[in-house]
Amino acid sequence: MIVEERMASFIRSLDPGMPEYLETIRTNAIKTNVPIIRRETGSLIRFLCASKDPKVILEVGCAVGFSALWMSECAPHAKITTIEKVEKRIAEAKKNFHEAGKADVINLLKGDALEILPTLDLQADLAFVDAAKGQYLNFLPEVMRLLAPGGILISDNVLQDGDVTESRYAVTRRDRTIHQRMRDYLFELQHRDDLATTVLTVGDGVALSVKLP
Ligand SMILES: C[S@@+](CC[C@H](N)C(=O)[O-])C[C@H]1O[C@@H](n2cnc3c(N)ncnc32)[C@H](O)[C@@H]1O
């Protein structure tokens with residue numbers, strides 16, 4: 001928790017909820033330890049989709065398709081391209097897209113995003129990066145190429161339950177590389193001339209960036 005639990009619960013209690021089928025996917029994901037966006041992150045995505053009305057969305061890290069489906073609900077005019085590398089999750093995401101009647105608007109690409117991103121030819125109004133935290137910096141050049149001027153980049157889990165604010169000696173040796181990489185990523189987002197970025201303590205930390213012309 002990066003904000004006080006009481007505050008987070010109160011804000012969550014105001015959440016109007018999602019369509020029933022998404023609540024079912026959420027429940028199953030939690031049961032099977034599939035990480036998906038938190039409610040408050042979903043709420044932020046809804047706000048951004050409503051204000052931007054994106055036509056093209058790029059997602060890195062699909063898992064079982066929960067956030068892709070949510071974005072599709074929130075951005076009814078959007079075609080979504082999403083990437084996932086774990087076979088079992090790909091199969092479940094495909095099933096979820098099909099059952100929700102969204103298979104024609106969500107294109108799921110299988111494989112490692114580092115290999116797939118360079119093959120894409122699109123200009124995204126919205127890009128959602130929610131994959132391996134240690135790779136965000138490696139995804140960035142291709143995500144920037146694929147982001148339209150004025151497009152919004154949403155990077156999830158950037159505060160890593162608060163660990164990112166700790167000294168590198170306070171995090172376990174195993175987590176030090178990822179800790180440093182996330183710090184480097186946030187520094188890069190804030191210091192690029194072609195991005196304007198703000199970091200929010202929403203969910204597990206969300207960086208919002210706009211691509212400047
Ligand atoms: C946090 S989950 C995504 C959750 C999803 N966005 C949602 O909220 O419903 C991250 C996913 O990214 C996938 N992933 C991690 N690194 C990847 C990579 N380099 N290429 C493709 N998928 C990757 C993982 O297998 C995992 O399913």
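In each ligand, atom 1 is the first atom listed, and ligand 1 is the first ligand listed. Quick caveat, the model's predicted, so the values are computed rather than measured.
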Atoms in ligand 1 with a heavy atom of Val86 nearer than 4.0 Å: 25 (O)
Do me a favour and list the nearest non-hydrogen protein atom to atom 23 (C) of ligand 1 with residue, atom name and distance? Lys85 CG, 3.8 Å
Distance filter under 4.0 Å to Phe66 heavy atoms, resulting ligand 1 atoms: 9 (O)
Just say parallel, tilted or perpendicular for the rings of Phe139 and Tyr136, cut-offs at 30° and 60°. tilted
Can you tell me the protein heavy atom closest to atom 16 (N) of ligand 1 and the distance? Ala132 N, 3.3 Å
Using a 4.0 Å heavy-atom threshold (strictly under), name the region of Arg89 that reaches ligand 1: side chain, backbone, both or neither. side chain
Please write down residue, atom name and distance for the protein heavy atom closest to atom 19 (N) of ligand 1. Gln135 OE1, 2.8 Å
Please name the residue in the list Leu140, Leu153, Asp156 that meets the side-chain contact (heavy atoms from CB on, under 4.5 Å) test with Val129. Leu153
Just to confirm my output: which protein heavy-atom neighbour is closest to atom 8 (O) of ligand 1, and how far is it? Ile37 N, 2.8 Å
Among protein heavy atoms, which sits nearest to atom 5 (C) of ligand 1, and what does the distance come to when rounded to 0.1 Å? Ser67 OG, 3.3 Å
Ligand 1 contact by Gly111, heavy-atom criterion under 4.0 angstrom: yes
Among non-hydrogen protein atoms, atom 24 (C) of ligand 1 lies closest to Glu84 OE2, 3.5 Å
Is the backbone N or O of Ala113 less than 3.5 Å from a side-chain atom of Lys85, with the two atoms forming a donor-acceptor pair by type? no
Whether Arg145 and Glu142 form a salt bridge (side-chain N of Lys/Arg under 4.0 Å from carboxylate O of Asp/Glu) is what I want to check. yes
Can you pull the ring pair (Phe, Tyr, Trp, His ring centres under 6.0 Å) pairs that have at least one residue in residues 60-114, sequence neighbours excluded? none
Would you mind finding which of Asp130, Ile83, Val64, Asp156 brings a heavy atom closest to atom 3 (C) of ligand 1? Asp130
Give a yes or no on whether a salt bridge exists between Arg6 and Glu4, defined as a side-chain N under 4.0 angstrom from a carboxylate O. yes
Counting from 1 in the order shown, the ligand 1 atoms closer than 4.0 Å to a non-hydrogen atom of Glu59 are 6 (N)
Using a 3.5 Å cut-off on N or O atoms only, is Pro35 in polar contact with ligand 1? no
Location of contacts on Cys62 toward ligand 1, heavy atoms closer than 4.0 Å: backbone
Heavy-atom contact check, 4.0 Å cutoff: does Asp112 meet ligand 1? yes
When hydrophobic residues are tied together by side-chain contacts of less than 4.5 Å, even through go-betweens, does Leu137 share a cluster with Leu208? no
Looking at Arg39 and Asp15, what are the two nearest heavy atoms and their distance? O-OD2, 3.8 Å
Among non-hydrogen protein atoms, atom 20 (N) of ligand 1 lies closest to Ala113 N, 2.8 Å
Which bit of Tyr136 is near ligand 1, meaning a heavy atom under 4.0 Å away: side chain, backbone, both or neither? neither
Counting only N and O atoms by type, is there a donor-acceptor contact under 3.5 Å from the side chain of Asp125 to the main-chain atoms of Lys55? yes
Salt-bridge test for Arg181 and Glu188: reply yes if a basic N is under 4.0 Å from a carboxylate O, no otherwise. no
Under 3.5 Å, side chain of Thr24 to main-chain N/O of Glu20, donor-acceptor pair present? yes
Would you check if Glu92 and Thr32 make a side-chain contact, meaning some heavy-atom pair closer than 4.5 Å? no
Looking only at protein heavy atoms, identify the closest one to atom 14 (N) of ligand 1 and say how far it is in Å. Ala131 CB, 3.8 Å
Within the structure, is a non-hydrogen atom of Phe139 found at a distance of less than 4.0 Å from ligand 1? yes
